[in-house]
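Data block below; observations after.
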Amino acid sequence: LLLLYRYFWIVFLLLDSTHERPKLAGRFDAIFSVISGRYQVLYGQFDRTGDFGLLLSFKNGKSIRKDLGDSAWITCIDFDKNSPAGRSKPCKLTQSVIAALLDLHHLQCTQSIAGVLRNAFAVVGADEGTIWLLDEKQEALVPVWSSGPYGERFVGIHRQPLTAGLMSLICITEQALCENAVYQNAQQDPTLDRRLGVLTCAMIAVPLRFRDAIHGGVSCVRLKPVDAAAPEPPPFSATDLAVVTDAVREVERLVEAA
Amino acid sequence: MNEWISPEQAADAMERGDGRSVRIAVLDSGIESSHPNFSGRRLYDDLVPEANGNIGAGKGEDLYGHGTAIAGIIWKLAPKAEIGSFRVLGSSLSARTAHVSVAARRCISLGYKILNCSFGCGISGHLPLYKEWVDNALLSGIHVVAASGSPEVSEWPAHLSSVLGVDCALSNEGGLRYLPGRMVEFAAPAAEVRVPWKHGGHRVMTGSSFAAAWLSGMLARLLSVYPEIDPFLAKSLLRRVAREGKHSSKTV
């Protein structure tokens, strides 16, 4: 399927005469989306900090551009994972997720959302943090950005049904939560931990609200290796929860102001 | 009714009250009635309101575990309280406000004394829908306790003036806090609370949801001693009790 995507993409590039030549100033990433049974290709550019700067979408052969900052336009994608400039990360996203992404990425020219969140994650000593967005039908959460090394292995790939899990719960209640001793909980869904080869010890989850709607949430975690001998990281405190909540509120303000 | 209950008397009631005869509606994800923590207990009601106004049976189920946690905290603080489950939180985000409205109206008609809402809604257009039943609750002398983890961001029902809005305190020490100048005037101890969860499990949680449950439990204690306290008097007393540090710093 990925090969089909790639061919489809190449054909698109060849047919679309509006493309400019690529400016390979930053890292590149790609998001593939299947919307309403039609292939849609979205692709964007990471800026130097690894955040999105720009997204372009092409649908039905028509180019739709959305300039999300002062970054250079991107007109091609580097699919070669071995290329120093390129890194592909195919994933499925729905239209509402993309719309929310566009809102988020629009901040690029003012202040980096990721910068605000990374600071908060550092303050609370989180190993990694993730932005999750609700899909179009509001039936699932899709991780769309992660601050840490494990993100590449689940961003855009994992899909969390809204019927289960802490992230879903904070979307339903719109209340931030913190859970400690997570992996000791027999009911914890180990799917993601197994995929990443880690144990989630503590987790903070904060709902993300902007434009008068809940759009998903932000999580951050303290992890330990699967190795049982590894020391247990300390639990998150109520102060840690407040720090991350404040950062997410700041992100919401930035989105509203963009 | 004693109109002049002093903060000392209120604090004493919150210390020795057990929630007897106080009926609390937990508007949440359902309550797992078979949870081992609830052995020997029964739910006063277990209902699933629908947007069309119909009410179905809850069958002792909790979709997430959240409502079970809330009931666990309340019962720990107010063991004689009568709890009813109204499952308004499910996977359907779009229908949530409608479900809450149906449930709240039913709770009011059934004579519940406290409505625990460990959730918030930040959609501005939904404000009138929340205000309608919150006002009805006020006129019926029913107390609404609601969580709010974002005092600076409006959310319903916590930001309505007759509601006891409550956030999570940064520390469990010191019990109830008064936060003057905010719509959400209280912060309650809800850090690293071991709560019952669905499938008979337990979790260690922190958050405003559990602070609301704490306040509902303490309010049930107060109302079990002084049953005729109305919502505004309760709010006024809780302000003074919290401000003057007269209450116990009971945690769960």
Side-chain angles (χ1 to χ4, degrees), chain A residues 134-135 137-141 160-182 184-188 201-216 234-246 248-250 252-253 256, chain B residues 28-29 63-67 69-70 88-96 117-126 146-156 158 167-172 187 189-195 197-212:
Chain A
L134 282 164
D135 73 357
K137 293 181 178 175
Q138 296 196 326
E139 291 174 349
L141 286 157
Q160 179 71 45
L162 206 56
T163 50
L166 209 61
M167 289 309 299
S168 302
L169 182 57
I170 58 115
C171 289
I172 296 293
T173 62
E174 296 192 36
Q175 299 297 304
L177 292 174
C178 165
E179 182 180 7
N180 288 314
V182 176
Q184 293 173 2
N185 179 359
Q187 296 158 44
Q188 169 69 10
C201 297
M203 179 176 182
I204 287 173
V206 180
L208 182 60
R209 287 191 291 211
F210 53 87
R211 307 266 155 83
D212 210 23
I214 180 88
H215 282 273
F236 283 127
S237 67
T239 304
D240 295 331
L241 177 61
V243 167
V244 179
T245 301
D246 285 348
V248 175
R249 296 293 90 84
E250 177 62 17
E252 292 168 351
R253 279 191 287 270
E256 295 287 356
Chain B
D28 214 286
S29 56
L63 298 181
Y64 293 89
H66 190 256
I70 300 306
V88 297
L89 305 180
S91 57
S92 174
L93 272 171
S94 58
R96 185 183 52 175
C117 303
S118 287
F119 59 84
C121 172
I123 302 170
S124 57
H126 289 193
S148 177
S150 303
E152 72 279 17
V153 179
S154 295
E155 60 182 338
W156 332 117
D167 195 0
C168 175
L170 294 181
S171 162
N172 285 348
E192 296 197 57
V193 185
R194 187 170 186 271
V195 291
W197 209 258
K198 72 174 185 174
H199 301 319
H202 293 84
R203 290 190 168 192
V204 181
M205 307 295 283
T206 300
S208 50
S209 291
F210 314 108

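First the proteins, then the strands, lettered A, B, ... as listed; each starts at 1.
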So, the part of A242(A) with a heavy atom under 4.5 Å from chain B: the answer is side chain
Quick note, salt bridge (charged side-chain N to carboxylate O under 4.0 Å, His left out) partners involving residues 162-175 of chain A, not counting sequence neighbours, are E174(A)-R209(A), E174(A)-R96(B)
Is S168(A) close to Q160(A) at the side-chain level, that is, under 4.5 Å between some pair of heavy atoms? yes
Cut-off 4.5 Å, heavy atoms of chain B, and the answer for P235(A) is side chain
If you tally heavy-atom pairs under 4.5 Å between each of I123(B), L89(B), V88(B) and chain A, the highest tally belongs to I123(B)
Given S148(B), G125(B), S171(B), the one with more heavy-atom pairs under 4.5 angstrom with chain A than any other is S148(B)
Residues pairing under salt bridge (charged side-chain N to carboxylate O under 4.0 Å, His left out) where one sits in residues 235-244 of chain A, two or more places apart or in two chains, turn out to be R222(A)-D240(A)
The interface call for S118(B) against chain A, heavy-atom contacts under 4.5 Å, is backbone
Counting heavy-atom pairs under 4.5 Å with chain B, the top scorer among L162(A), D246(A), T245(A), I170(A) is L162(A)
When the 4.5 angstrom heavy-atom criterion is applied to I204(A) and chain B, the contacting part is neither
If you tally heavy-atom pairs under 4.5 Å between each of L177(A), L169(A), T239(A) and chain B, the highest tally belongs to L169(A)
In terms of heavy-atom contacts, L241(A) and G207(B) come closest through CD2-CA, 4.0 Å
When every non-hydrogen atom of G67(B) is compared with those of D28(B), the smallest separation belongs to N-OD1, 3.1 Å
query = Taking atom types as modelled and ignoring hydrogens, do the side chains of T206(B) and E192(B) form a donor-acceptor contact shorter than 3.5 angstrom?
reply = no
When the 4.5 angstrom heavy-atom criterion is applied to L63(B) and chain A, the contacting part is backbone
Evaluate the criterion side-chain contact (heavy atoms from CB on, under 4.5 Å) for residue pair E179(A) and V204(B); output intermediate values, then yes/no.
-> CA-CA 6 Å; E179(A) 182 180 7; V204(B) 181; 5.5 Å; no
So, the part of A190(B) with a heavy atom under 4.5 Å from chain A: the answer is neither
